[in-house]
Participant: 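Sharing a structure below in structure tokens format, with a few things to ask.
Letters go in sequence order (proteins before strands), and every chain restarts at 1.
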Amino acid sequence: MEVRGQQIRKEYYRSGTGSNIFTAVEECDFLVPSGKLTVIHGRSGSGKSTILNMLAGILKPTGGSVFYDDTDLYSMRDEELARFRNLHIGYVPQGRSAVPSLNVLENVALPYALYEEDGEEAAAEMMERFGIADLSEVMPDRLSGGELRRMAIARALVRRPEVIFADEPTGDLDDENTVAVFGALRELAAAGAAVLVVTHEEDAFEYADHIYAMNAGKLE
Amino acid sequence: MRIFRKLPILNLCRRPVRSAMLLCIAALLSFTVFGGAVMVSGLRRGMASLEDRLGADILVVPEEAARKNDLESIVLQGSTGYFYMDDSKLDEIAAVDGVGQSTSQIFLASLAASCCSAKVQLMGFDPATDFTVLPWIRKSYTEDLKEMEIVVGSDITSDEGDTLTFYDTDCTVAAKLTRTGTNYDRCVFAGADTIRVLTASSVGKKLNQFKEIDPNHVVSCVLVNVNEGADIDQVASAINDSVDGVTAVRTTSMVSGIAANLSGISHLVRILIAGVFILAFIILMIAFTMLINERKREFAILRVFGVSRRSLAGSVWSEILLICLTGALAGSAAAALVTLPFSGALRSRLDMPMLSPGIGTILLYLLLAVLICAAAGTLSSFWNVSRVSRADISLALRQER
Ligand SMILES: Nc1ncnc2c1ncn2[C@@H]1O[C@H](COP(=O)(O)OP(=O)(O)O)[C@@H](O)[C@H]1O
Ligand SMILES: [Mg+2]
């Protein structure tokens with residue numbers, strides 16, 4: 001499944017600026033092809049998260065449309081879109097993203113659990129993969145930043161989604177973990193997934209098929 | 001893994017301190033609602049049973065009794081005093097214009113009897129003329145009392161067929177009365193013949209000294225019903241004027257006094273409930289607002305991974321209702337523990353008749369308390385729950401990572 005943003009742009013209301021309108025992402029077309037790892041690189045505040053969220057179905061663009069193959073993402077009703085995200089999109093949020101009242105295993109199995117499906121096996125497998133298998137029963141507030149991040153990545157990948165978004169996925173990881181994360185993303189791309197990573201660091205470059213630069217809302 | 005459906009419970013169990021605090025607020029609310037409702041209803045029932053029994057328009061007691069005793073507590077609480085007059089007063093009173101039915105009663109004090117820890121009060125009535133005690137006894141015992149048979153109040157531990165001994169004289173318990181919530185529950189009732197025997201033996205024991213009165217002709221009070229159409233106040237003052245050495249008081253004025261008192265108390269309880277409701281409402285609203293702000297990011301994560309607005313709202317809602325309902329049950333249970341076993345203590349504290357409500361009424365109040373808690377929870381979180389479901393996922397994800 002490939003993701004196409006057509007003439008998408010995002011404006012925020014922001015009081016105090018001249019017209020009270022702040023353009024976070026200027027109108028652009030953007031393609032995340034399947035089977036490839038795409039990277040958007042840019043400074044903090046340049047609009048990377050904004051464009052990623054628009055493509056991931058959690059932020060409606062001010063103008064333009066997002067297509068997943070032939071499906072117009074934002075024409076769906078909320079229930080449909082939610083289920084669509086659940087089935088087809090893996091998302092690694094920036095920062096900490098654990099559900100505090102669930103243990104690590106339950107957090108990783110979350111995409112299954114939200115629809116009352118059994119994901120324990122798949123979750124266990126993913127945890128093995130990212131070296132957090134022995135943390136199953138631990139609550140997230142006991143984990144280190146790196147462990148939390150690996151948990152978030154395991155959760156995003158647990159359903160083997162066709163499209164994966166990762167917002168600064170290696171921000172607080174050491175080199176070893178960074179390698180593991182990009183290795184896994186690379187592997188998913190090789191298996192046919194469309195992968196988009198946004199980062200302000202350059203460590204993603206060596207794994208990328210396409211690299212875009214983002215500067216003050218302009219994609220280059 | 002049925003995680004999503006269990007999420008509200010998990011959230012509560014795995015955050016015990018937070019849950020306990022919210023629970024306490026809900027419990028406080030239901031404690032007030034349930035406890036207040038039970039108390040007011042207890043007082044109402046006590047009042048109703050009092051009116052049932054009172055049945056006399058005028059109470060006539062010896063003059064010196066009126067000075068020494070609180071007549072109100074004789075009438076309303078069924079407490080007996082020890083004062084006596086000659087039974088010829090009964091005929092004098094009966095002859096007064098406007099007096100319809102009249103009957104006499106005798107109060108005797110007994111030392112601790114075999115049955116009871118406290119002093120028992122003996123009350124003699126005249127089965128031939130009685131219209132106040134007998135109709136009430138009839139509810140528990142339909143036969144005529146034979147000589148040396150007595151009827152006991154509900155607080156007296158003896159049962160039918162037991163023998164109680166007063167002043168070395170044996171009496172047989174013929175029946176036990178239903179609870180009234182007044183001092184009558186600690187009384188022993190006997191017919192005129194039996195009470196004469198007991199009076200005589202008490203004189204023999206040098207208890208109950210009757211001074212100048214012949215023990216065979218003593219009465220403690222006379223109860224009067226006026227004729228149809230006669231004015232109770234006029235008849236009472238006619239008795240005061242024409243019969244020497246007695247004081248006649250109108251009983252219904254006391255009942256209306258206590259009724260005013262009661263409506264004052266129920267009014268107070270209603271204000272208290274409203275106050276606590278508003279307080280709980282505000283506290284819950286602040287608590288839920290804080291709670292939900294703090295968890296914005298968590299909710300956004302759930303949305304990202306596929307929870308729709310509607311199911312997220314449902315989940316948050318269940319969590320809040322769960323808290324409120326558990327709190328409501330805990331609060332009501334606490335209120336039940338406080339009010340029901342201590343209704344006796346509460347009654348003497350308030351100096352008003354009080355009868356615990358029946359199980360049906362209690363369950364009704366429990367339902368009421370639970371509903372009010374649920375309403376407080378729902379109303380106070382309404383805005384917050386809709387805010388959660390409408391929240392911008394992307395914006396929420398930006399917060400304090
Ligand atoms: N909801 C919002 N309201 C107003 N301004 C926003 C909002 N979200 C993001 N912005 C602004 O848009 C710009 C781009 O943000 P973001 O996409 O998070 O940048 P990046 O991820 O590259 O650091 C920033 O200047 C940010 O302050
Ligand atoms: Mg960002």
Participant: Any side-chain heavy atom of Met214(A) within less than 4.5 Å of one from Val25(A)?
Facilitator: yes
Participant: Is the charged tip of Arg83(A) near the ring of Tyr115(A): under 6.0 Å from the six-membered ring centre and within 45° of its axis?
Facilitator: yes
Participant: Under a 4.5 Å heavy-atom cut-off, does chain B meet the side chain of Met54(A), its backbone, both or neither?
Facilitator: neither
Participant: Counting heavy-atom pairs under 4.5 Å with chain B, which one of Ile89(A), Asp167(A), Leu102(A) comes out on top?
Facilitator: Leu102(A)
Participant: Contact part of Leu302(B) toward chain A, heavy-atom cut-off under 4.5 Å: side chain, backbone, both or neither?
Facilitator: both
Participant: So do Thr378(B) and Trp317(B) actually touch side chain to side chain, heavy atoms under 4.5 Å?
Facilitator: yes
Participant: For Phe84(A), which atoms come within 4.5 Å of any heavy atom of chain B: side chain, backbone, both, or neither?
Facilitator: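 It is neither, since no heavy atom gets under 4.5 Å.
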Participant: What part of Leu110(A) lies closer than 4.5 angstrom to a heavy atom of chain B: side chain, backbone, both or neither?
Facilitator: side chain
Participant: Could you tell me whether the side chains of Arg159(A) and Asn86(A) share a donor-acceptor contact shorter than 3.5 Å?
Facilitator: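 Yes, because at least one side-chain N or O of Arg159(A) sits under 3.5 Å from a partner of the opposite role on Asn86(A).
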Participant: Considering only heavy atoms, which portion of Arg295(B) lies under 4.5 Å from any heavy atom of chain A: side chain, backbone, both, or neither?
Facilitator: neither
Participant: Is any NZ, NE, NH1 or NH2 atom of the basic residue among Asp392(B) and Arg398(B) found under 4.0 Å from an Asp or Glu carboxylate oxygen of the other?
Facilitator: no
Participant: For Leu81(A), which atoms come within 4.5 Å of any heavy atom of chain B: side chain, backbone, both, or neither?
Facilitator: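 The answer is neither part of Leu81(A).
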Participant: Is Arg309(B) close to chain A through its backbone or its side chain, or both, or neither, when contacts mean heavy atoms under 4.5 Å?
Facilitator: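 For Arg309(B), the contact with chain A is made by backbone and side chain together.
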Participant: Considering only heavy atoms, which portion of Arg155(A) lies under 4.5 Å from any heavy atom of chain B: side chain, backbone, both, or neither?
Facilitator: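 Contact with chain B: backbone and side chain both.
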Participant: Against His200(A), only a single residue in Lys48(A), His41(A), Arg43(A), Glu168(A) fulfils side chain to side chain donor-acceptor pair (under 3.5 Å); can you say which?
Facilitator: Glu168(A)
Participant: Check Lys6(B), Glu319(B), Arg18(B) against Asn11(B) for a side chain to side chain donor-acceptor pair (under 3.5 Å) and give me the one that passes.
Facilitator: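 The single option meeting the side chain to side chain donor-acceptor pair (under 3.5 Å) with Asn11(B) is Glu319(B).
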